[in-house]
Amino acid sequence: MVEERIGTRNGSHRFHHTMGVVATAEQLAIAHGVDVEKAKIAALLHDVSKHDAFDAQRKLIAQHYGESFARSWPNQLLHGFTAAIYAKETCGIDDPDILAAIENHSVGRPGMSLLEKIVFAADFLEPGRGKDPAGIRELALVQLDRAIAKIIRFSLDHVRKMGYEIAPLSLETQAFYDPYLEDAE
Ligand SMILES: [Fe+2]
Ligand SMILES: [Fe+2]
């Protein structure tokens, strides 16, 4: 289902990324003692609506979360919410932690659950992206919070360089995880 839905909108690239996130989420779930099945389901569905029209996504979010919430996100950050709606409505998934991991995979949030952190990190670390700045992939297997802090810093630097809009929640997430960069070990 996911392959067909993603493939018809964006060819195979997004599906390869998705399968990379599934594999990475599985490794991280094993390393951190998290339910592997939940991690794989959240990873499989995280980008399922990424290539849907922005207008349609915003409308769907307005129906489920309200107008002002729908208006508060830049276009590229809508798909976590619409993917969670798809997971719930089309796939019948009602596990709140899986739905939160899908919703929050793009910018994270302060105080993420382990499952949310795993999907957030796997999205960045999957091998298809072909980058592993500062050895974060290994670090994520042992110090997940510290790895997340590095991912956030790297991603926001990139977003700033590209001149994209930064969501307020991104800065709150960064403020929450930044202290983990100070940890020695
Ligand atoms: Fe995404
Ligand atoms: Fe993704």
Side-chain angles (χ1 to χ4, degrees), residues 1-2 5-6 8-10 13-15 17-18 21 25 34 38-39 41-126 129 144-145 147-180:
M1 255 167 90
V2 171
R5 194 168 193 286
I6 299 176
T8 52
R9 284 164 171 79
N10 191 239
H13 165 76
R14 184 62 41 191
F15 188 66
H17 162 68
T18 295
V21 178
V34 168
K38 283 192 188 191
I41 290 170
L44 185 65
L45 291 167
H46 84 284
D47 272 348
V48 73
S49 54
K50 175 130 181 163
H51 301 287
D52 294 1
F54 294 135
D55 283 354
Q57 290 195 61
R58 212 176 283 282
K59 214 182 225 175
L60 189 63
I61 293 169
Q63 284 163 10
H64 285 79
Y65 302 83
E67 285 285 349
S68 64
F69 185 85
R71 271 196 306 270
S72 69
W73 297 96
N75 287 341
Q76 319 86 266
L77 298 180
L78 298 172
H79 71 278
F81 301 103
T82 50
I85 293 168
Y86 178 87
K88 206 188 217 168
E89 308 244 299
T90 308
C91 307
I93 289 162
D94 56 7
D95 183 301
D97 204 17
I98 294 178
L99 296 174
I102 296 170
E103 275 184 354
N104 298 315
H105 81 265
S106 299
V107 294
R109 66 173 178 91
M112 286 186 274
S113 72
L114 253 181
L115 187 68
E116 287 175 275
K117 287 191 273 196
I118 281 171
V119 176
F120 179 88
D123 190 26
F124 183 84
L125 296 172
E126 67 97 359
R129 293 213 196 244
L144 189 55
D145 290 307
I148 289 200
K150 289 192 176 206
I151 290 169
I152 293 167
R153 190 168 278 192
F154 185 94
S155 302
L156 289 188
D157 282 352
H158 176 73
V159 170
R160 281 195 187 92
K161 261 181 231 149
M162 300 296 286
Y164 294 144
E165 187 181 344
I166 292 183
L169 185 60
S170 289
L171 299 173
E172 289 171 35
T173 308
Q174 181 172 40
F176 184 92
Y177 287 97
D178 242 11
Y180 290 101

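When the side-chain contact (heavy atoms from CB on, under 4.5 Å) test is applied to Ala84, the partners found at least two apart in sequence or on another chain are Tyr65, Ile102, Glu103. Ala175 pairs by the side-chain contact (heavy atoms from CB on, under 4.5 Å) definition with nothing, not counting sequence neighbours. For the side-chain contact (heavy atoms from CB on, under 4.5 Å) test, residues two or more places apart in sequence or in another chain that qualify with Ile41 are Glu37, Leu45, Ile93, Ile98. Glu165 pairs by the salt bridge (Lys or Arg N to Asp or Glu O under 4.0 Å) definition with nothing, not counting sequence neighbours.
Using a cutoff of 4.0 Å between basic side-chain nitrogens and carboxylate oxygens, Asp94 and Lys88 are not scored as salt-bridged. Ion pairing of Asp52 with Lys59 is absent here, as no side-chain N (NZ or NE/NH1/NH2) approaches a carboxylate O to less than 4.0 Å.
The CD1 atom of Ile118 sits 11.5 Å away from the NZ atom of Lys38 when rounded to the nearest 0.5 Å. For the atom pair CG of Asp55 and CG of Leu60, the computed distance is 12.5 Å after rounding to the nearest 0.5 Å. Considering NE2 of His51 and CZ of Arg14, their distance stands at 4.0 Å, rounded to 0.5 Å. Between atom CD1 of residue Ile6 and atom NE2 of residue His13 there is a gap of 10.5 Å, rounded to the nearest 0.5 Å. For the atom pair CD1 (Ile61) and NE2 (His64), the distance works out to 10.0 Å, reported to the nearest 0.5 Å. Between the CD1 atom of Ile152 and the OH atom of Tyr180 there is a distance of 10.5 Å, given to the nearest 0.5 Å.
Remark: Arg109 is not positioned above the aromatic ring of Phe176, lacking an NZ or CZ atom under 6.0 angstrom from the ring centre and at most 45 degrees off the axis.
The minimum heavy-atom distance linking Ala25 with Ala122 is given by the pair N-CB, 3.6 Å. Contact record, Val119 with Ala43: CG2-N, 4.4 Å, taken as the closest heavy-atom pair. For Ser113 against Asp97, the heavy-atom pair with the smallest separation is OG-OD1, 2.8 Å. Scanning all heavy atoms of the two residues, the minimum distance from Leu144 to Ala121 falls at CD1-CB, 4.1 Å. Closest approach of Ala62 to Ala70, counting heavy atoms only: N-CB, 3.6 Å. The heavy-atom pair separating Val2 from Leu44 by the smallest distance is CG1-O, 3.5 Å.
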Starting from the C-alpha separation in whole Å, work towards a yes-or-no answer on side chain to side chain contact (heavy atoms under 4.5 Å, CB included) for Thr173 and Asn104.
CA-CA 11 Å; Thr173 308; Asn104 298 315; over 6 Å; no

Under the criterion side chain to side chain contact (heavy atoms under 4.5 Å, CB included), I'd like the reasoning laid out for Leu125 against Arg129: C-alpha separation, chi angles, the key distance, then a yes or no.
CA-CA 7 Å; Leu125 296 172; Arg129 293 213 196 244; over 6 Å; no

Using the rule given for side chain to side chain contact (heavy atoms under 4.5 Å, CB included), can you reason through Tyr86 versus Met1, listing the C-alpha separation, both sets of side-chain angles and the distance that settles it, and then say yes or no?
CA-CA 11 Å; Tyr86 178 87; Met1 255 167 90; 3.4 Å; yes

Apply side chain to side chain contact (heavy atoms under 4.5 Å, CB included) to the pair Tyr177 and Asp145, showing each step before the final yes or no.
CA-CA 7 Å; Tyr177 287 97; Asp145 290 307; 3.4 Å; yes

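Considering only heavy atoms from C-beta on, Ile166 stays 4.5 Å or farther from Val107 through its side chain. Put simply, the side chain of Val159 does not reach to within 4.5 Å of the side chain of Ser170, judged on heavy atoms. The shortest side-chain heavy-atom distance between Ile148 and Met112 falls under the 4.5 Å cut-off.
Counting heavy-atom neighbours within 6.0 Å of Phe54 CZ, excluding the residue itself, gives a total above 12.
Listed by first then second residue, pairs satisfying side chain to side chain donor-acceptor pair (under 3.5 Å) with a partner in residues 68-85 read Asp47-His79, Ser49-Thr82, Gln57-Thr82, Arg58-Asn75, His79-His105, not counting sequence neighbours. Residues in residues 151-160 take part in these side chain to side chain donor-acceptor pair (under 3.5 Å) pairs, two or more places apart or across chains: Arg153-Asp178.
Listed for the Ser106 side chain is no donor-acceptor partner under 3.5 Å among the backbone atoms of Leu77.
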